[in-house]
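All of these numbers come straight from a predicted model, not from anything done at the bench.
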Amino acid sequence: MSTILTATEITVRYGERVVLDRATLAVEEGDRIGLVGRNGCGKTTFLRLLAGLQSPDRGDITRRRELVVSYLPQDFMLDPAKSVRENIRDGAKPVLDLIAEFESLPAASKRHEALEQRIAALEGWTLDRRLETAMSHLNCPAGNRRIETLSGGEKRRVAMCRTLVAQPDLLILDEPTNHLDPESIEWVAEFLDEFHGSFLVVTHDRYFLDRVAKRMVELSDGRFFSHAGNYTDYLLDKAERQAADATIEHKRQMFLKKELAWVRQGPRAQRSKQKNRFERYYETAAQDGPVVEEDVELCLPPPPALGNRVVELSNLGMDLGGRTLFRGFNFTFENGRRIGVAGRNGLGKTTLLKLVIGQLAPTEGTVKTGQLTKFNYVDQGRIQLREERTALEEVSDGTEFVIFGNGTLSLRAYLKRFLFADDRITTQVKYLSGGERSRLLLARILKNGGNFLILDEPTNDLDLPTLRVLEEALIAFPGVVLVVSHDRYFLNRVCTDVLAFEGDGRIHHSVGDYDYYLEKKQRTDVAAARERAAILSLTKSAAPSRTAAASKPAKPRRLSFKETRELEGMEGQILAVDAEIARIEGLFASPDFHRTHAPHTNQLTADLAAAKENLARLYARWEELEAIRIASAVPSAG
């Protein structure tokens, strides 16, 4: 493999803070890199350096000649003067420029052939088809819509689509799964599986990292640490590295303890051997021990007690924007339950949260709330931070303490639980990193307490260590938790129940984690396929009795011997193909799919598509043959 980009001895400072400290990393052809590290450690800064949007204070970044780079930042920009489709096409500007040059040259030009090959390598001739496919799978808004009419989530999907259609040599994605539903995330994963170039992705979605990454790079203390394999492999490697560091540090401390006792004895003679021993002691004492990573404590304030009734939803239905979101939904929230809400975007998940807390009134049904129930709602958009205020001022709201159970906690002590050092507590919001802003928002909102905690997409923009601590805090929370998330790992760790929005106005309640829901759904889908096959069989056997009193056709055609045999075997073929579809869908839904079947993802996807196409063809042929048979069975009118 050849190197397409190298960052050598990169140093970046923000004031006194060093985020990259002589960091070096090479990106190889075909690399699939997952970049991880705490928020604020410099990941986004490094991505901007690779994309050419920022220059390092020291060090060099070298790129292969004519390297095409496509970058999806967290804070993307779209052109408000252009439509959705025009913004997406802008992402393919490098290849569009090549096509324009190609078309402007005479056919006999020496550069003509080279341009044609380069455009073919970038899949430029299929740009419009790829654009439509990406828009469809990412659930983008209509291509003729104006940017100012889009929601935040819609804009992100447009930006994502714009980034992917370029088919670059190097794809750089900063939190690409934010605001994408499970189907869209799966499509992005499949796109990356088949992507011919290299990519580097920063994401908090652990299942996504396990699925797409072949190499993990951790940015810690300003340096890069590379690990072969996916996210799970990285965790195992890191645990072994930390264990080895702990062993070395333990030996160092034992040596210092032993030597310190000798030094304190104050030996009188300073012979050569004793002098060397002194030097070895001071040299060892001056060494730095391994860096111990701090975790956000994120202790949620103890909630007040709940009553017998928490919240009861009875025959709940909701219409919004002329569309029915759901009907006839009944559910009783009970103390100690942690309910995950999952499903595609646009089905009404956030609307359900607003119905529960009373921000919206249902179209039909009732919401009954207990007298002791106190909501704490973390909105998907979060509360906007004020740029000129300090972190301390943003949390204080005029107070100096946070009510914590039966006691109080000073605001400084509270912010330190969210990993804010003394100097960062008094830093203005506009100078905080994206990760620090995210933690500040959590600190500001979670201090409100409450015994019914409602979180709408809380995992967006949180780093992996903070996510883990949030999960542990929610698991230990003694009240009720209702959380909307597309993060499968998060739902599995936290939830005791799942409310799944399945489309067509259905909300399905499943006890257990998200993987258990998927397992049950797969069994239900298989049973439904068998029921369809049974109905088909009954239809076939009852068909002779359903003859219509119609005028006599002129010489109705009869089935040939070959067609009769084909019709007789049709039911078995349909059952076999239905079973194959259920088998492949069951593999995709299995919790260990990425561990056991990841190398065969493309083949399984192709097999599933072929089986569904075959099933549609069989049903069409069955209907055709059955219509001929029924028509020929109609008695002649005399």
Considering non-hydrogen atoms only, spot the tightest contact between [X] and [Y] and give its length.
X      : Y      : value
Pro458 : Val484 : CD-O, 3.4 Å
Lys374 : Asn451 : N-OD1, 2.7 Å
Ala213 : Asn230 : O-CB, 3.5 Å
Arg146 : Thr149 : O-OG1, 2.7 Å
Met216 : Val36  : CE-CG1, 3.4 Å

Separation of [Y] [atom2] from [X] [atom1] (nearest 0.5 Å):
X      : Y      : atom1 : atom2 : result
Leu320 : Leu360 : CG    : CG    : 7.0 Å
Tyr377 : Leu482 : OH    : CG    : 9.5 Å
Leu131 : Ile88  : CG    : CD1   : 5.0 Å

Can any side-chain N or O of [X] pair as donor or acceptor with the backbone N or O of [Y] at less than 3.5 Å?
X      : Y      : value
Arg338 : Val494 : yes
Glu394 : Ala391 : no
Glu393 : Thr390 : yes
Arg130 : Val165 : yes
Asn87  : Asp79  : yes

Presence of salt bridge, [Y] and [X], under 4.0 angstrom:
X      : Y      : result
Lys82  : Asp90  : yes
Asp456 : Lys349 : no
Arg211 : Glu186 : yes

Next item on the list: Report yes or no: do Asp515 and Asn492 form a side-chain donor-acceptor pair below 3.5 Å?
Entry: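 Side-chain D/A pair, Asp515 to Asn492: present.
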Restricting to salt bridge (charged side-chain N to carboxylate O under 4.0 Å, His left out), what partner residues turn up for [X], sequence neighbours left out?
X      : result
Asp205 : none
Asp504 : Arg506
Glu400 : none
Glu312 : Arg309

Margin query: More than 12 heavy atoms of other residues, nucleotides or ligands under 6.0 Å from CG of Asn308: yes or no?
Written below: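 Incorrect, the count does not exceed 12.
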Margin query: For Gln359, I'd like to know if atom CD has over 12 heavy atoms of other residues, nucleotides or ligands within 6.0 Å.
Written below: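 For Gln359, atom CD is crowded (more than 12 foreign heavy atoms under 6.0 Å).
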Note to self: Before you tell me yes or no, could you show the steps for Glu175 and His204 under side-chain contact (heavy atoms from CB on, under 4.5 Å), namely the whole-Å CA-CA distance, both residues' side-chain angles and the distance that decides it to 0.1 Å?
What the structure shows: CA-CA 7 Å; Glu175 297 290 358; His204 64 269; 3.0 Å; yes
Using a 4.5 Å cut-off on heavy atoms from C-beta on, say whether the side chain of [Y] contacts that of [X].
X      : Y      : answer
Val429 : Arg386 : no
Leu173 : Phe199 : no
Ile454 : Val356 : yes

Note to self: Test salt bridge (Lys or Arg N to Asp or Glu O under 4.0 Å) on Asp487 and Arg206; report intermediate values, then the result.
What the structure shows: CA-CA 8 Å; Asp487 189 324; Arg206 289 151 288 189; 3.7 Å; yes
List the atom pairs, with distances to 0.1 Å, where a side-chain N or O of residues 363-373 and a protein N or O form a donor-acceptor pair under 3.5 Å, not counting sequence neighbours.
from   : atom 1 : to     : atom 2 : distance (Å)
Thr363 : OG1    : Asp319 : N      : 2.8
Thr373 : OG1    : Val310 : O      : 3.0

Check: With a 6.0 Å cut-off on ring centres, are Tyr514 and Tyr516 close enough?
Finding: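 They do not qualify: ring centres at least 6.0 Å apart.
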Margin query: Please determine whether salt bridge (Lys or Arg N to Asp or Glu O under 4.0 Å) holds for the pair Arg145 and Glu154, giving the CA-CA distance in whole Å, both sets of side-chain angles, and the decisive distance to 0.1 Å.
Written below: CA-CA 11 Å; Arg145 284 185 59 184; Glu154 287 175 324; 3.3 Å; yes
Notebook entry, point to check: What is the ring orientation for His137 with Trp187, classed by angle as parallel under 30°, tilted 30 to 60°, or perpendicular over 60°?
Noted result: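 Taking Trp187 first and then His137, their aromatic rings lie parallel (interplane angle under 30°).
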Checklist line | ring pair (Phe, Tyr, Trp, His ring centres under 6.0 Å) partners for Tyr231, two or more places apart | finding: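 Once residues adjacent in sequence are excluded, the partners of Tyr231 under the ring pair (Phe, Tyr, Trp, His ring centres under 6.0 Å) criterion are Tyr234.
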Note to self: Before you tell me yes or no, could you show the steps for Leu499 and Phe329 under side-chain contact (heavy atoms from CB on, under 4.5 Å), namely the whole-Å CA-CA distance, both residues' side-chain angles and the distance that decides it to 0.1 Å?
What the structure shows: CA-CA 11 Å; Leu499 296 179; Phe329 179 57; 3.9 Å; yes
Check: Would Phe326 and Phe501 count as a side-chain contact (heavy atoms from CB on, under 4.5 Å) if you check the C-alpha gap in whole Å, the side-chain angles of each, and the deciding distance to 0.1 Å?
Finding: CA-CA 9 Å; Phe326 46 84; Phe501 282 68; 3.9 Å; yes
Next item on the list: Please step through side-chain contact (heavy atoms from CB on, under 4.5 Å) for the pair Val188 and Phe208, ending with a clear verdict.
Entry: CA-CA 9 Å; Val188 173; Phe208 187 79; 3.9 Å; yes
